[in-house]
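I have placed the structure first, in the form of structure tokens, so that the comments after it can refer back to it.
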Amino acid sequence: MSAVEARPVQVHAVVSGRADGPAVVLANSLGSTHRMWDAQLAALEERFRVVRYDTRGHGESPVPEGPYTIDDLADDVIALLDRLDIERAHLVGLSLGGMTTMRVAARNPERVNRIALLCTGAQLPPREAWLDRAATVRANGTGAVAESVVQRWFTPEYLSTYGSSRKFHENMVAATSAEGYASCCEVIAEMDLRDDLSSIAAPTLAIAGADDPATPPVKLEEIADNVQQGRLLVVPDSAHLANAQQPDIINPALIEHLEQQ
Ligand SMILES: O=C(O)CCC(=O)CC(=O)O
């Protein structure tokens, strides 16, 4: 069998904000779309050219046949920057989007200004759990995991108070392509970015949700401690989608970090 050449995918992207502002690229998590950044949009658009995109296999982006690697996801970001004629950008990524961001920052430092990594990890074992989740989703669809995923995205108090947000996020997971979701689970199963951390020179803000069961604060502490210029912020009363649960804390922290010279 001949090897299939990996090619960047033309990911679906939405560009808004200040056309003359510095570019910020927002990279989504597993099972979400660019809409996961809704609570950041107004604050960032005032200052930046905001580029939100759907990771391959998600939202309106193509769903190429798997397996994918973390380098494929990083290549998609570089292709997006090329397509939009952006020489350098700030990168902000949550969970899988944070992993993609770390890989780009380590591998293509010439394309990156400052980065923010939310609720993510340089490695997320056990590998078997991701492969099991991929198999479940291929067999039963993303609808089968939507409720349990969203229970890790938000704290129980938030979910019982904000029923419409709960529904919005469950629908987002359930609308994700099963093949795309499963192939990205396989990216997480195989990825290990721990050796990349010391090559990340971009000033890095690592943001953890204090109650995140998926990527607990210790994962962000590992990142902040091992990149060249890292800072850790632990956000109270938030789980995995801390940006959606605590925008009033996260938005000013992002802006303050990205606007530093
Ligand atoms: O959110 C991600 O991109 C990966 C971690 C995850 O899937 C959280 C979870 O649902 O357990």
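Any value given below was found using the heavy atoms of this structure, including those in side chains, with hydrogens, waters and symmetry copies removed.
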Q. Are any side-chain N or O atoms of Gln123 and backbone N or O atoms of Met191, one a donor and one an acceptor, separated by less than 3.5 Å?
A. no
Q. Any side-chain heavy atom of Val234 sitting closer than 4.5 Å to one from Ile207?
A. no
Q: Nearest 0.5 Å please: distance from the CG atom of Leu118 over to the CG atom of Leu254.
A: 6.0 Å
**Q.** Residues in salt bridge (Lys or Arg N to Asp or Glu O under 4.0 Å) contact with Glu147, at least two apart in sequence or another chain
**A.** none
(Q) If the threshold is 4.0 Å, N to carboxylate O, is there a salt bridge linking Asp212 and Lys219? (A) no
(Q) Between Ser148 and Val145 (side chain of the first, backbone of the second, donor and acceptor by atom type, cut-off under 3.5 Å), is there such a pair? (A) yes
**Q.** Flag for Thr55-Asn28: side-chain donor and acceptor within less than 3.5 Å
**A.** yes
Q: Tell me, please, which residues at least two apart from Ser16 pass side chain to side chain contact (heavy atoms under 4.5 Å, CB included).
A: Leu41, Glu45, Val50
Q) Rounded to the nearest 0.5 Å, how far apart are CG of Asn113 and CG of Leu91? A) 8.5 Å
Q | Check against side-chain contact (heavy atoms from CB on, under 4.5 Å), Gln228 and Thr204 | A | CA-CA 8 Å; Gln228 292 177 24; Thr204 301; over 6 Å; no
(Q) So Ile70 and Thr100, do their side chains get closer than 4.5 Å, heavy atoms only? (A) yes
With a cut-off of 3.5 Å and sequence neighbours excluded, list every side-chain donor-acceptor pair involving residues 170-177.
unit_1: Glu170; atom_1: OE1; unit_2: Lys167; atom_2: NZ; d: 3.4
unit_1: Glu170; atom_1: OE2; unit_2: Arg166; atom_2: NE; d: 3.4
unit_1: Asn171; atom_1: ND2; unit_2: Lys167; atom_2: O; d: 3.4
unit_1: Thr176; atom_1: OG1; unit_2: Gly31; atom_2: O; d: 3.4
unit_1: Thr176; atom_1: OG1; unit_2: Met172; atom_2: O; d: 3.0
unit_1: Thr176; atom_1: OG1; unit_2: Val173; atom_2: O; d: 3.2
unit_1: Ser177; atom_1: OG; unit_2: Glu179; atom_2: N; d: 3.3
unit_1: Ser177; atom_1: OG; unit_2: Gly180; atom_2: N; d: 2.8

Q) What do the steps show when you test Leu197 against Asp225 for side-chain contact (heavy atoms from CB on, under 4.5 Å), and what is the final call? A) CA-CA 9 Å; Leu197 294 178; Asp225 284 351; over 6 Å; no
Q) Mind checking what makes ring-ring contact (aromatic ring centres under 6.0 Å, His included) contact with Tyr68, not counting sequence neighbours? A) none
Q) Hey, does Glu60 have a side-chain heavy atom less than 4.5 Å from the side chain of Thr33? A) no
Q: Give a yes or no on whether the ring-centroid distance for His169 and Phe154 is below 6.0 angstrom.
A: yes
Q.
Does this structure show an ion pair linking Glu186 with Arg138, if we count only N-O contacts that are shorter than 4.0 Å?
A. yes
Q) Can you name the residues that form a ring-ring contact (aromatic ring centres under 6.0 Å, His included) with Phe168, not counting sequence neighbours? A) none
(Q) Restricting to ring-ring contact (aromatic ring centres under 6.0 Å, His included), what partner residues turn up for Tyr181, sequence neighbours left out? (A) none
Q: Look at the side chain of Thr136 and the backbone N and O of Asp132, then say whether any donor-acceptor pair between them is shorter than 3.5 Å.
A: yes
Distance-only donor-acceptor pairs under 3.5 Å for side chains of residues 80-87, two or more places apart:
unit_1: Asp82; atom_1: OD1; unit_2: Arg111; atom_2: NH1; d: 2.9
unit_1: Asp82; atom_1: OD1; unit_2: Arg111; atom_2: NH2; d: 2.9
unit_1: Arg83; atom_1: NH2; unit_2: Val11; atom_2: O; d: 2.7

Q: Report yes or no: do Asn243 and Gln40 form a side-chain donor-acceptor pair below 3.5 Å?
A: yes
Q: Quick one: list whatever passes ring-ring contact (aromatic ring centres under 6.0 Å, His included) with His12, sequence neighbours left out.
A: His34
Q. Can you tell me if CD on Glu190 sees more than 12 non-hydrogen neighbours from other groups inside 6.0 Å?
A. yes
Q.
Distance check, rounded to the nearest 0.5 Å: Ile115 atom CD1 versus Leu205 atom CG?
A. 9.5 Å
Q. What's the spacing between Thr120 OG1 and Met99 CE if we round to 0.5 Å?
A. 4.0 Å
Q. Do Gln245 side-chain atoms and Tyr158 backbone N/O form a donor-acceptor pair below 3.5 Å?
A. no
Q) Arg114: what forms a salt bridge (Lys or Arg N to Asp or Glu O under 4.0 Å) with it, not counting sequence neighbours? A) none
Q. Is it the case that more than 12 heavy atoms not belonging to Glu110 sit under 6.0 Å from its CD atom?
A. yes
Q | Arg47 bridged to Glu259 by N-O distance under 4.0 Å | A | yes
**Q.** pair Leu94-Leu241: side-chain heavy atoms closer than 4.5 Å
**A.** yes
Q: Only pairs at least two apart or in different chains count here, so list each ring pair (Phe, Tyr, Trp, His ring centres under 6.0 Å) that has a residue in residues 121-144.
A: none
Q: Would you please name every residue forming a salt bridge (Lys or Arg N to Asp or Glu O under 4.0 Å) with Asp76, sequence neighbours left out?
A: Arg56
(Q) Does any part of the side chain of Arg49, heavy atoms only, come nearer than 4.5 Å to the side chain of Pro22, both counted from C-beta? (A) no
Q.
Could you measure the distance from the OG atom of Ser95 to the CH2 atom of Trp153? Nearest 0.5 Å is fine.
A. 9.5 Å
(Q) Before you tell me yes or no, could you show the steps for Val25 and Tyr53 under side-chain contact (heavy atoms from CB on, under 4.5 Å), namely the whole-Å CA-CA distance, both residues' side-chain angles and the distance that decides it to 0.1 Å? (A) CA-CA 8 Å; Val25 177; Tyr53 76 95; 3.8 Å; yes
Q) At what distance, to the nearest 0.5 angstrom, does CZ of Arg107 lie from CG of Asp71? A) 5.0 Å
**Q.** Carboxylate-amine/guanidinium proximity below 4.0 Å for Asp38 and Arg52
**A.** yes
**Q.** By salt bridge (Lys or Arg N to Asp or Glu O under 4.0 Å) - contacts of Glu256 (at least two apart)
**A.** Arg231
